[in-house]
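This is a predicted model, so every value here is computed, not measured. By convention in this document, chain letters (A, B, ...) are assigned in the order of the sequence lines, proteins followed by strands, and residues within each chain are numbered from 1.
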Amino acid sequence: MDLDFTPGQEAFRAEARAWLRAHVPASPLPSLETEEGFAAHRVWEAQLAADRWSVVSWPEEYGGRGVDLVRWLVFEEEYYAAGAPGRVGQNGINLLAPTLFDHGTREQRARVLPEMATGEVVWAQAWSEPEAGSDLASLTSRAVRTDGGWLLSGQKTWSSRAAFADRAFGLFRSEPDTPRPQQGLTYLMFDLRAPGVTVRPIGRLDGRPAFAELFLDEVFVPDEDVIGEPGQGWRVAMSTAGNERGLTLRSPGRFLAAADRLLNLWREQGSSEALRDRVADAVIGARAYQLFTYANASRFLDGESIGPESSLNKVFWSEYDIALHETALELLGEDGELADTDWAEGYVFSLAGPIYAGTNEIQRDIIAERLLGLPKGRR
Amino acid sequence: MRFLLDPEQRAFADSLNAMLTAADTPSAVRSWSRGEHARGRALWRRVAGAGVFALAVPEAYEGLGLRPIELAVAFVELGRHAVPGPLVETVAAAALLTEPGLAKRLLPALASGEALATAAPAGSYALDGDVATTRLSWDGDGLRLAPGPDGPVRASLDPARRLTRLLPGGELLTAEPPLAHALTWARLATAAQALGVGLALLDRTVEYVGQRTQFGVPIGSFQAVKHQLADAKIALEFARPLVLGAALTMTEADVAAAKVTACEAAYRTARTALQLHGAIGYTAEYDLSLWLTKARALRGTWGGPGECRAAVLDGLSGGARRS
């Protein structure tokens, strides 16, 4: 057991740090939930990709560096410590790409991944529907067979990044009458600008269109945009949901950097005695999450899989994120009410954490039933 | 970077767990609480025989070398089984006795389990001062070998923890004892012990709510019950890497972070365990009480939550470290 990085890992850290120091924009980009900010973040993604920093864990042929999870964690620590912009491509990179690596065809990977890596194509996720949130299996939007492909109809909602993104991925019901709701679903990629697609941006709490509703009216999708076998979409989606995603959905680097900024803010504001314990808890929480992730990465590299344990991560970071930002807003005093600060933007973003990617109530059920072995019951 | 216990470390934990499971620790705890020490001493010899105290003693003094990770692993198991006695204090004493003359004279008996030590600042409560055979206290002059307990044993909220003050004076052992170093070892051992206490409380409560029925179903099928236990599980699982990480770095800040987090997680689990057991959990005769009361006591000893949080912030000079 050790926390020592190899000389090669240290060299990788130094290389990432030097590149970031030379390239991170001196002043923050506009919010990525605005049209202007979205465009600016796309330019940043292209800049990252030009020197192969946008997807370091991917194979080189798709624009990555082929590094393992430990180096990925190191990169993320340096990335956020450098104050680099949020990642506009994260839906594609964290959710779609792992699925393509596991279930996509070679052709799909060659076609989709390079332009995802450069930010040329930004992906929105299209999981939720008006009647299907955490109970994803209850979704009703349809995929109907047609010549050379499928016709998608129905409604998706809470589709993150869809207000400005190019394409989306999600599950559609391709067989209407199956014994279980998880059956007969197909995993498809589609173009947000295709005929039949209407995108209605939804303002989140601060009014910015961080997500959208999608209305689909016989939208044609060619066969080559089906991932895995038709009808097997649930299995395809779930097989990559728990495993590596449990490690990569939110990296510790982001919280280590946020805790660092909070600590600096606390000191700048006179080291308030009243908030001392909460600042300490933020620092401790970031360290706990870092070490927890290191342990999981070690297990993963040993060949173990990480399934329901990813629910522990999800509840932890989502609640931690809110607590950290609430502490920052209190430290700011009356300025904590202002909407145009990084802390306010982070706070608004953090409020969604316990809601998306499976609500924390559902995550706690998973922990209780699948990790602690408690009996299933009525919700 | 490989942040996982090695197979030998896991095997060490498993063997301690098996040994303590077979030893019927609850009855040893109960007799210890009454001031009858024979069974507890027998248990102590077995714990020492497994090498636990030798993990805080250099090889030159008949120990196994300073091995904080293995010590932490062992103390999780001691907590899991509510082993009574001045366990942490014996580790703290070993860490105080670094000067070669003192080490040669006093450490071999601590490593072998022949001696039980207690350690406390002059004027503070020392754990099990009536039964400890090596009593260390420190004042403005330095570290002293206290001549004996002062006054009657005071009851702790945890009946298995027997508090005494130590008589002032006694032989001056050294003018400059390594107090910060000893505090770090004591806090690490306490953090690990608290984690073990929390894990035991969670295990027992999960088992109970799976069996206890109300309204015709196991209460563990109720979401309100599940969510409390899920929160306890999250708190403990995030305390664990802090304890092991602190054992690797042994910095004051990391150890203080582990201490406050593990103790808060254990205490939170204790509150949940009591709530979900209902009235049976509120009785002294039911064994759950052995862990419930210890979770509260460990929270305050060797630096309470506020003190540890302050130590975390004091230990960070230029912002939080990244690796």
Open item on the list: Can you tell me which portion of B:Leu5 sits under 4.5 Å from chain A's heavy atoms? Options are side chain, backbone, both or neither.
Closed with: both

Task: Minimum-distance pair of heavy atoms, taken over all atoms of B:Pro241 and A:Ala288 - done: CG-O, 4.1 Å

Open item on the list: If you count heavy atoms of other groups shown closer than 6.0 angstrom to OH of B:Tyr282, is the number above 12?
Closed with: no

- [ ] Answer yes or no: is there a side-chain heavy-atom contact under 4.5 Å between B:Leu313 and A:Leu263?
- [x] yes

TODO: State the CG-CD1 distance between B:Leu242 and A:Ile284, to the nearest 0.5 angstrom.
DONE: 7.5 Å

Task: Note, A:Leu374 side chain near B:Val209 side chain (heavy atom, < 4.5 Å) - done: yes

Open item on the list: Which one wins on heavy-atom pair count under 4.5 Å against chain B: A:Thr6, A:Leu73, A:Asp302, A:Leu301?
Closed with: A:Asp302

- [ ] Examine whether an atom of B:Val260 lies under 4.5 Å from a heavy atom of chain A, and if so say whether it belongs to the side chain, the backbone or both; otherwise answer neither.
- [x] side chain

TODO: Measure A:Arg299 against the heavy atoms of chain B and call it side chain, backbone, both or neither at under 4.5 Å.
DONE: both

Open item on the list: For B:Phe3, is there any backbone N or O sitting under 3.5 Å from a side-chain donor or acceptor partner on A:Ser298?
Closed with: yes

TODO: Using a cut-off of under 4.5 Å on heavy-atom pairs, state which of B:Ile234, B:Thr261, B:Ile69 scores highest against chain A.
DONE: B:Ile234

Task: Region of B:Ala310 that comes under 4.5 Å of a non-hydrogen atom in chain A - done: both

Task: Pairwise distance CE(A:Met1) to CD(B:Glu70) - rounded to 0.5 angstrom - done: 10.0 Å

Open item on the list: If you count every heavy atom of other residues, nucleotides or ligands that lies below 6.0 Å from B:Glu264 atom CD, does the total exceed 12?
Closed with: yes

- [ ] Kindly say whether B:Gly306 contributes a backbone atom to a donor-acceptor pair with the side chain of A:Arg276 at under 3.5 angstrom?
- [x] yes

Task: Options A:Ile367, A:Leu372, A:Asp4, ranked by heavy-atom pairs under 4.5 Å with chain B, top entry - done: A:Leu372

Task: chain A contact via B:Gln9 - side chain, backbone, both or neither, heavy atoms under 4.5 Å - done: side chain

- [ ] Using a strict 4.0 Å threshold on nitrogen-to-oxygen distance, state whether B:Lys226 and A:Asp365 make a salt bridge.
- [x] no

Open item on the list: Quick check on B:Arg2: does its CZ atom have over 12 non-hydrogen neighbours (other residues, nucleotides or ligands) under 6.0 Å away?
Closed with: yes

